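Read through the structure below, which is laid out as C-alpha cells, and then see the notes.
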Protein chains: 2
Amino acid sequence: MPGSYQNQKAGDLNFLKRLNLSAILETVRRAPGVTRADIATQAQLTKATVGTAVQSLLNQGWLKEGELQKSSGGRPGRALHLNDDHYYLLGAEVGVHGLRLVACAPSGQVLETQHEPFPCTTPDTTAASLGELLRQFTHRTSLQHRDSLGIGVALPGTIATDEAVLRRAPNLGWHDVRFMELLRPHLPEATGVWLMDNEAKAAAFGELYFRTGAIPESLLYVSAGTGIGSGLAEGRHLPLLTRGVQGLAGEIGHTVLQPGGLYCHCGNRGCAETLVSGWSIRATLGIDEKDDLINRLTPRLQEPMVVHTLRRAGEALGMLLLNLHHTQNPAEIVLGGSLTRLGPLFLDPALTYFEAHQHRLLGTAQRVSLRVIEDSTFVAARGAAAQVLARAIHDQALPQATHGSS
Amino acid sequence: MPGSYQNQKAGDLNFLKRLNLSAILETVRRAPGVTRADIATQAQLTKATVGTAVQSLLNQGWLKEGELQKSSGGRPGRALHLNDDHYYLLGAEVGVHGLRLVACAPSGQVLETQHEPFPCTTPDTTAASLGELLRQFTHRTSLQHRDSLGIGVALPGTIATDEAVLRRAPNLGWHDVRFMELLRPHLPEATGVWLMDNEAKAAAFGELYFRTGAIPESLLYVSAGTGIGSGLAEGRHLPLLTRGVQGLAGEIGHTVLQPGGLYCHCGNRGCAETLVSGWSIRATLGIDEKDDLINRLTPRLQEPMVVHTLRRAGEALGMLLLNLHHTQNPAEIVLGGSLTRLGPLFLDPALTYFEAHQHRLLGTAQRVSLRVIEDSTFVAARGAAAQVLARAIHDQALPQATHGSS
DNA sequence: GGAAGTAAGTTCAATCTGTTTACTTATTCG
DNA sequence: CGAATAAGTAAACAGATTGAACTTACTTCC
C-alpha cells in the first residue's frame, strides 16, 4: 500500500441524514421564522423529508414551533425557531489580566457573564481556577434547567490545526500546553464538545456565526490589545477559519511595517507591534505593566506626547488594516481588543488612513465595512462558544434531549 | 419569508453516490496503485460499495486496472490507476507578453504545450486569437483520441468569487471583462467545464492538486513578474482557494512595505511593487517595456547598479515572504514568475532574509519549505487545467465516455 | 504436492434514506 | 359558502449502502 495520504470524505446513509439535519438546523438558525416549506426550497429537499427531519429536531429540543405566518392565498406556514431554552454553550477566555466566562443560548444570546481579574500564572494553576469558576458558573439559575453542549476556551497564542495544543503564548509566557487536558480533571462531569482556539480566531468565528439574515462572505477580526492578532472566518458553508500549519496565520503583529525600525521582542525589526500594541504604547509613555493602560492614560489625553504617540500608533494600525485588506480581502473587518477603548485619538487616524487608501486598487465601486467594537470584553469567549455550537451541529451526532421538552 | 440567506448544503441519494464516486476517484488520484480494499479502509466505505463504484468508474474511462499487488498472505489486490489515456484538460494563460497553452492528462502529466508571443491588446482580439490557437491545439495527434473535460484560463488580474468576471487587470489594461463569454463563440464545439481565475491562484491550485502522496496542508504560490501576486490553496479536502470578496486576496504587490516610499501606480506610497516587480526594476535600470527583461539584463550582471538594484529587490521580496508567512502561515511556499530567471543575484538575498527571520516566532522547531521554480512558463496554465479537473470530479455529474475504452 | 490459512473481491437479500403521489388541513378570495 | 391556493402528512416507491455468505487467488506449512 502506498504511503500516507489523507482521508477523502465519503459517507453512508446515516451520514446523509445527519448532513440534512445539520443543513436544516443551520437554515433555521440563520433565518429564524422560516417554515418547513421555506426550508424545502432553500435546502433543495422535498417537503416530506423536511417534515420528518423537523419533527425529530423538535423532539430533540433543538427547534420549537412559533406563530402562524401570514397566508399568501393558501394554508399558512408554521414558523420555526431555534429552541433557545433547552441547550446552552460555555465559552471562556484566558487573558493576560483576567479570566472571562460566558454562557450563550444557541441563538448567540448571552445568558450569563463573569469577568474575574486573574494574574498571569502557570497553566496548571490557571486551569484549576478556571475549572472552579466554570463549575460555580454552571450552577447559576438560568443554566440550571438546560443541557450544556460543551466548552470552548479562547487563548492569546498560536494553536496548530489539530487544536489540541497551544504552541506559544508569549504574553502568558506559556508554550506547548495541552490546556484542555489540564482543564478536564477539574470538570469531570462536563460532557459534549471540548475545544480551544486563538482568541482572535474565536472572536472572528463568533462574529460571523452568531449572525442572522445575510451574512458576510468573510470576516476579519483584528484584536488590538497587549499584542495584536487577527482571525479570518469564511462563511460560504459552515464558517471555516484560516489557521495556518503552525497556527501562525493572522499573527499580524509581527509583520514588518517599517524596515530597519525598532527592535521587537520577537527579535526582528520594525514589526507592527513595535508601532501599535499595548506594550509598545506602555513602553513609549512609561506605564507599568501592572497598571491598567486605559485608566492611566485617560487623565493624560491632553499631553502632546500622548497625543503624538496615539496618533502614530493609529496610523500604523491603518496601514496594517490596509495590508490585511490586500492580502485577505475580507467582506467585513471588525476591530476589537482593549485598545479600542483609547478612543478617537487612536482610532481616527487608523480609520482615516484606511478610508483614504482602500479603494486605490478597485476604484470607488465597493468599500469594505469596518466596524469598531468599543467593549470587546466577552467577544472572544462568546466566539469560543460559537465554535462549540458549530461543532455540535456539524461534526458529531446530535445529542438526545435529557431535560423534558415539548 | 425572511430576507436573503445562503443555501445550506443538503442532498439526496444521488448526491451521496456522486460524493462517494468523487471520494474514490480522489483517493486513487492521490495514491496511484491503491486496491479496492485500500480504498474501502481509507474512505470508510464497505468493500461492496467500493466494488460497484470502481466498476462504474472503470466503465466511464476514469480508472484503469493495473498490476497485481504483492500478497501478504491472501489474495493479492488489483492496483488501480487513473486512466491517463481517456480524458484531457485544457489550460491557457493570458500574459502581458504572450499566450500559453497546455494540455494535461488527469494525472497532471503535460501532454502538449504552446507558447505564443502576443502583444497586449483588447479582450475581444485576445479571445479571438486564443480561440483560434486552442482550436488548432486540440487537433494535435496526442489529443485526437481523448475527450476534453473543459478549459481553464488564467489571467493576471482580480476575479471575484463567482469567477465570471475579471474585475481589473492593470497590466493588461482591462477591467470588468467577461472573458469566457468572449471566448465561447470562438470554440462553439467545446463542452465541459469552463472557468477562469487569477494566474497566481491557478498556479497555487495546480501545484497543490497535481501532487501525489503526502500533500501539504496548504501552499502559497508567489508570482513575481511584471507585477507581483500570490495565491493560497488549502488542501484539507478538495483544495480551496482564498479569493476574497472582490478577488483581492493575495494582491500582495500593493501591501505597504516602506511607509513614505516611492509612489506606486496604484496611487499609494511604498507598495511592495515599487521595490520588487518587473516594472520597478525596468524603471530603475531604464529598460524599455517592449524588451525582454532577462535578455537585456543578462549581459549587464557585472554593473554595480544592476547588482545593487537586484539585491534591494531581493531583500524586499524576502521581507514580503516573511510577512506572508506570518499572515497566511502556509505549509509550503513556491516562488515562480519570470523574475525567478534573474538568478542568485536576486534570489539569494530573498532566501537569506527569509531563512534568517522565519523562526523567530516559533523557535527553530519547524521550518516552512520554500521552493523556487526556475521555469514557470506553464505553471499557471497547468493550474487552470487542474481546476478544470477538480471541478469535473467534484461539482458536476461525471461525464459518460464517448471514445471507446476498455 | 496438497491442505489449511488469509485476504481481495463479488453476490444478493435486507435496511435505511429521500422521493413521489395522493391526500388532508387551513387560509384567502370572489 | 365554494373554489383556489398553499402547507404539511401518509404510504408506496426507488435507490444506495450494508452485512453476511461466497468465490477467487495467493502464501505457508506439513
Side-chain angles (χ1 to χ4, degrees), chain A residues 1-2 8-24 27-28 31 33-59 63-81 397-398, chain B residues 1-2 8-24 27-28 31 33-59 63-81 397-398:
Chain A
M1 184 162 112
Q8 287 305 124
K9 64 178 172 194
D12 55 7
L13 292 167
N14 192 13
F15 166 84
L16 183 62
K17 181 165 195 181
R18 288 225 314 274
L19 188 78
N20 288 344
L21 283 176
S22 298
I24 290 170
T27 305
V28 177
V34 285
T35 65
R36 290 168 176 80
D38 294 336
I39 296 171
T41 43
Q42 278 298 315
Q44 302 266 56
L45 295 168
T46 59
K47 291 190 295 178
T49 311
V50 173
T52 52
V54 163
Q55 192 54 54
S56 100
L57 290 170
L58 286 168
N59 294 340
L63 297 182
K64 65 170 184 245
E65 291 191 316
E67 66 290 358
L68 243 57
Q69 300 290 81
K70 270 275 167 292
S71 162
S72 57
R75 173 177 171 176
R78 176 70 68 179
L80 294 166
H81 298 271
L398 299 166
Chain B
M1 184 163 111
Q8 287 304 122
K9 64 177 171 193
D12 55 8
L13 290 168
N14 192 13
F15 165 84
L16 183 63
K17 182 167 194 179
R18 287 226 313 275
L19 188 80
N20 288 345
L21 283 175
S22 299
I24 289 170
T27 305
V28 178
V34 285
T35 65
R36 290 169 177 77
D38 293 338
I39 296 171
T41 42
Q42 279 297 316
Q44 303 265 55
L45 294 169
T46 58
K47 291 190 295 178
T49 310
V50 173
T52 52
V54 164
Q55 192 51 55
S56 101
L57 290 170
L58 287 169
N59 294 341
L63 296 182
K64 64 168 183 246
E65 290 191 315
E67 67 290 2
L68 243 56
Q69 300 289 83
K70 270 275 168 291
S71 161
S72 57
R75 173 177 171 176
R78 176 70 67 178
L80 295 167
H81 298 271
L398 300 165

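Each chain gets a letter, A, B and so on, in the order its sequence line appears, and its residues count up from 1. This is a predicted model, so every value here is computed, not measured.
Between the CG atom of A:Leu19 and the CG atom of A:Leu13 there is a distance of 12.5 Å, given to the nearest 0.5 Å. Residue A:Thr27 holds its OG1 atom at 10.0 Å from CG of A:Asn20, rounded to the nearest 0.5 Å. In this structure, CG in B:Leu63 is found 5.0 Å from CG in B:Leu57, a value given to the nearest 0.5 Å. For the atom pair NZ (A:Lys17) and OG1 (A:Thr49), the distance works out to 10.0 Å, reported to the nearest 0.5 Å. From A:Arg75, atom CZ reaches atom CG of A:Leu68 across 8.5 Å, with rounding to the nearest 0.5 Å. In this structure, CZ in B:Arg36 is found 4.5 Å from CD in B:Glu65, a value given to the nearest 0.5 Å.
A residue-by-residue look at A:Lys17 and B:Gly77 shows that B:Gly77 has its nearest nucleotide of DNA chain C further toward the 5' end. Two residues, A:Thr52 and A:Leu13, neighbour DNA chain D, and the one matched to the more 5' nucleotide by heavy-atom proximity is A:Thr52. Between A:Asp12 and A:Gly74, the residue whose closest nucleotide on DNA chain D is further toward the 5' end is A:Gly74. Position along DNA chain C of the nearest nucleotide to A:Lys70 versus B:Arg78 favours B:Arg78 as the more 5'-ward residue.
Residue A:Thr35 is classed as a sugar-phosphate contact, given heavy-atom separations below 4.0 Å to backbone atoms only. Base engagement by B:Ala48 is indicated by at least one non-hydrogen atom pair under 4.0 Å involving a base atom.
A side-chain N or O of B:Asp38 and one of B:Thr35 form a donor-acceptor pair less than 3.5 Å apart.
Atom CD in B:Glu67 sits about 16 Å away from atom C1' in D:dC26, given to the nearest Å. Look at CD on A:Gln69: it is 17 Å from C1' on C:dT25, rounded to the nearest Å. Rounded to whole Å, the distance from CG on A:Leu68 to P on D:dT5 is 20 Å. Per the geometry, CD1 belonging to B:Ile24 stands 14 Å off C1' belonging to C:dG9, to the nearest Å. Between B:Phe15 atom CZ and C:dT19 atom P there is a gap of 12 Å when expressed in whole angstrom units. Rounded to whole Å, atom P of D:dG15 lies 17 Å from atom CG of B:Asn20. Rounded to whole Å, the distance from NZ on B:Lys47 to P on C:dA8 is 7 Å. Rounded to whole Å, atom C1' of D:dA16 lies 11 Å from atom CG of B:Leu45.
When the nucleotides D:dT18, D:dA6, C:dC16 are ranked by their closest atom to the side chain of A:Ser72, D:dA6 comes out on top. Side-chain atoms of B:Thr49 lie closest to D:dT18 of the nucleotides C:dA7, D:dT18, C:dT10. Closest to the side chain of B:Arg36, from the set C:dG9, C:dT27, D:dG8, is C:dG9.
At D:dT18, one or more side-chain N or O atoms of B:Thr46 fall inside 4.0 Å of OP1 or OP2 (strictly under the cut-off). OP1 and OP2 of D:dT17 both lie 4.0 Å or more from every side-chain N or O belonging to A:Asn14.
Between B:Val34 and the choices B:Ile39, B:Thr41, B:Ile24, the side-chain contact (heavy atoms from CB on, under 4.5 Å) rule is met once, by B:Ile39.
With the end axes of the helix from C:dG1-D:dC30 to C:dG30-D:dC1 each set by five pairs, the angle from one to the other reads 0° at 10° resolution.
B:Arg75 contributes no side-chain N or O that forms a donor-acceptor pair with the base of C:dA7 under 3.5 Å.
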